[in-house]
Amino acid sequence: MKQSKNIKPISSSETNIKNFAVLGTYEGECADANITNANGLDITRPVWENVFSSDDYKKAIDLGWYIGYLGHPEDPNCMDFEHGCIVMTEGHIDDEGKIHGKFNLIDTPVGRVVKAFQDAGVTFGISVRGAGDIVDNSVDPDTFVFRGFDLVTFPAFPDSIPTFTAVAASTDANTRAKYKKVCAAVNNNLQEINSCETLDILQSQFAKQSKEYSAIEARKCEIKGECNEDEEVLEDINADKVVCMTELYLEQVEANRKLRAENDSLRNQVKTIESSFNKKIASLKRITSSQITDIQNESEEIKQDSKKKLEISKSENLKYKQKVDAASKEISRKDSIISSLRLKLDETVNEVSDAKSRTSNLDEANRKLKAEIKAAQKLVDEYQEAYASLYSAAIGVHLDNISITASTSVNELQNIISGTSTANISSVFVEPQPVEILEDENDAEDDLITM
């Protein structure tokens, strides 16, 4: 078989091994910036615009750093890549606020599990993974850190279910070997295929991201270019085009004639409809004008009635205001009286308290005075007895039969002593010696009797 000098065939040993690590692709909606997700969070358009316009995002896409997992890991910054299954290759937000993305399903243990589920009919959703501050249930655009998407069931955004497309390669070793042989056969014989229809069929069997797909696309462009270089074919094609264009022109002329006739008929119908509408509009204007007049009259009556009611309300309000003012003055006067009575009550309470205090002090003074009187009476009795003894001794009279009490005055005592018999008085007169009268220490402060 011939080989092209321009395109070198790719042998099975030169096949890009990276393509065989991709089991399939996911593409579609991943989030919606216009709605609150099932977790009660709003991830708004500014959040996604910040993500997709950042240098970090572009670098991570180029380097394949947005690795996703089957289910969300506990740590948004998880790097257990042996459990990864998808890699994000593209993302953007459209004019309606929908976030779209593309992902490769990778030939890892988890990726093969996902592929088995897909083959069994399971449809996975996709969910964003990242971290940031939450303000009023809305993710803060300035603090949000995007870490990619993960495959999930029951996604937070209900329409986040991308379409899965399996690549031609398989996880089965035998099937993969057969696939390599197919790829080698296509690459070796591609330059011998000159039919674009055949190439389209072949191309449909490969994933868009595969090298075989790109090679077939290049061959199709090459074939189309060769056809353009064939002048005879071009002349035939141009002649056919002229005939076709002429026929199309004549068909369009006939179609235009029919359309003009239809347009004339439609114009007449429109005029008839316009005339009918104009009559209906005029009638509606008359009816509306009459209704408007009635409404204006009713409105004027309502306005006058409202004005009267307002005047009555103002008058009633004035009366009520006067009553309220009078009541306020009366309340103020009574408040003043109550305040005065409270002051008097406070004074009375203070006076009663003072009177009780004075009464208590007087009781104590009376008790002391009674004690002092009792002590004075005893002292007077003692002084009287002493005086009687001195006096009787002075005049030589015995006092055995003389009764003396505290009420006995000095004159009475003298008279009593003077009237007493002197039969038993000794003939020897003894001049009485002055007797020193000692004051009781307890009565040192009493001045009731002074000797």
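Position 1 is the first residue of the sequence; numbering continues from there. Note that the coordinates shown come from a computational prediction; the quantities given were computed from them, not determined experimentally.
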Heavy-atom pair with the smallest gap, counting every atom of [X] and [Y]:
X	Y	answer
N39	A156	ND2-CB, 3.7 Å
W48	A33	CD1-CB, 4.1 Å
E29	D32	OE2-CB, 4.2 Å
P162	F124	CD-O, 4.0 Å
C30	F157	O-CD1, 4.3 Å
P155	I161	CG-CG1, 4.5 Å

Okay, side chain of [X], backbone of [Y]: is any donor-acceptor separation there less than 3.5 Å?
X	Y	result
S160	G125	no
T293	S289	yes
D75	N77	yes
S54	V51	yes
S357	S353	no

Whether over 12 other heavy atoms sit under 6.0 Å from F117 CZ:
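Counting other residues, nucleotides and ligands, CZ of F117 stays at 12 neighbours or fewer.
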
Crowded around D94 CG? As in, over 12 foreign heavy atoms under 6.0 Å?
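Enclosed.
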
Less than 4.5 Å apart, any side-chain heavy atom of [X] and any of [Y]?
X	Y	value
R342	I338	yes
I86	I126	yes
V114	L151	yes
M88	I61	yes
I93	K98	no
T44	S138	yes
S265	E262	no
F146	N50	no

Electrostatic pair [X]-[Y], nearest N-O below 4.0 angstrom:
X	Y	value
K271	E274	no
D305	K308	no
K115	D107	no

Under the criterion side-chain contact (heavy atoms from CB on, under 4.5 Å), I'd like the reasoning laid out for L190 against L199: C-alpha separation, chi angles, the key distance, then a yes or no.
CA-CA 9 Å; L190 186 61; L199 292 173; 3.7 Å; yes

Selection residues 141-159 - residue pairs positive for salt bridge (charged side-chain N to carboxylate O under 4.0 Å, His left out), sequence neighbours left out
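Of all non-adjacent pairs touching residues 141-159, those that pass salt bridge (charged side-chain N to carboxylate O under 4.0 Å, His left out) are R129-D150.
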
If you look only at pairs with a residue in residues 68-96, which of them pass as a ring-ring contact (aromatic ring centres under 6.0 Å, His included), with sequence neighbours excluded?
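Of all non-adjacent pairs touching residues 68-96, those that pass ring-ring contact (aromatic ring centres under 6.0 Å, His included) are H92-H100.
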
Sort out for me which residue in F103, F164, F149 forms a ring-ring contact (aromatic ring centres under 6.0 Å, His included) with Y26.
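Passing option: F164.
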
Any side-chain donor near an acceptor of the partner, T25 and N104, under 3.5 Å:
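Result is no, nothing qualifies.
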
Under 3.5 Å, is there a donor-acceptor pair linking the side chains of Q296 and E300?
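E300 and Q296 do not have a side-chain donor-acceptor pair below 3.5 Å.
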
Quick one: do V270 and I273 satisfy side-chain contact (heavy atoms from CB on, under 4.5 Å)? Show the steps, please.
CA-CA 5 Å; V270 168; I273 293 171; 5.5 Å; no

Could you state the interatomic distance from [atom1] ([X]) to [atom2] ([Y]), rounded to the nearest 0.5 Å?
X	Y	atom1	atom2	answer
K321	K314	NZ	NZ	12.5 Å
I106	C85	CD1	SG	9.0 Å
I312	E316	CD1	CD	8.0 Å
K102	T165	NZ	OG1	10.5 Å
N317	L310	CG	CG	9.0 Å
E364	L369	CD	CG	10.5 Å

Under the side-chain contact (heavy atoms from CB on, under 4.5 Å) criterion, do R112 and T108 qualify, and how do the steps go?
CA-CA 6 Å; R112 288 192 289 273; T108 63; 5.8 Å; no

N/O donor to acceptor pairs below 3.5 angstrom from side-chain atoms of residues 345-352, sequence neighbours left out:
unit_1, atom_1, unit_2, atom_2, d
T348, OG1, K344, O, 2.8
N350, ND2, D346, O, 3.1

Tell me every residue that passes salt bridge (Lys or Arg N to Asp or Glu O under 4.0 Å) with R358, counting only those two or more places apart in sequence or in another chain.
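Partners of R358 under the salt bridge (Lys or Arg N to Asp or Glu O under 4.0 Å) test: none.
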
Under the side-chain hydrogen bond (donor to acceptor under 3.5 Å, both in side chains) test, residues paired with E27 that sit two or more places apart:
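So E27 forms no side-chain hydrogen bond (donor to acceptor under 3.5 Å, both in side chains) with any residue.
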
Before you tell me yes or no, could you show the steps for K378 and E382 under side-chain contact (heavy atoms from CB on, under 4.5 Å), namely the whole-Å CA-CA distance, both residues' side-chain angles and the distance that decides it to 0.1 Å?
CA-CA 6 Å; K378 182 179 179 182; E382 292 176 353; 3.7 Å; yes

Distance-only donor-acceptor pairs under 3.5 Å for side chains of residues 327-337, two or more places apart:
unit_1, atom_1, unit_2, atom_2, d
S328, OG, V324, O, 2.7
E330, OE1, R333, NE, 3.4
E330, OE2, R333, NH2, 2.5

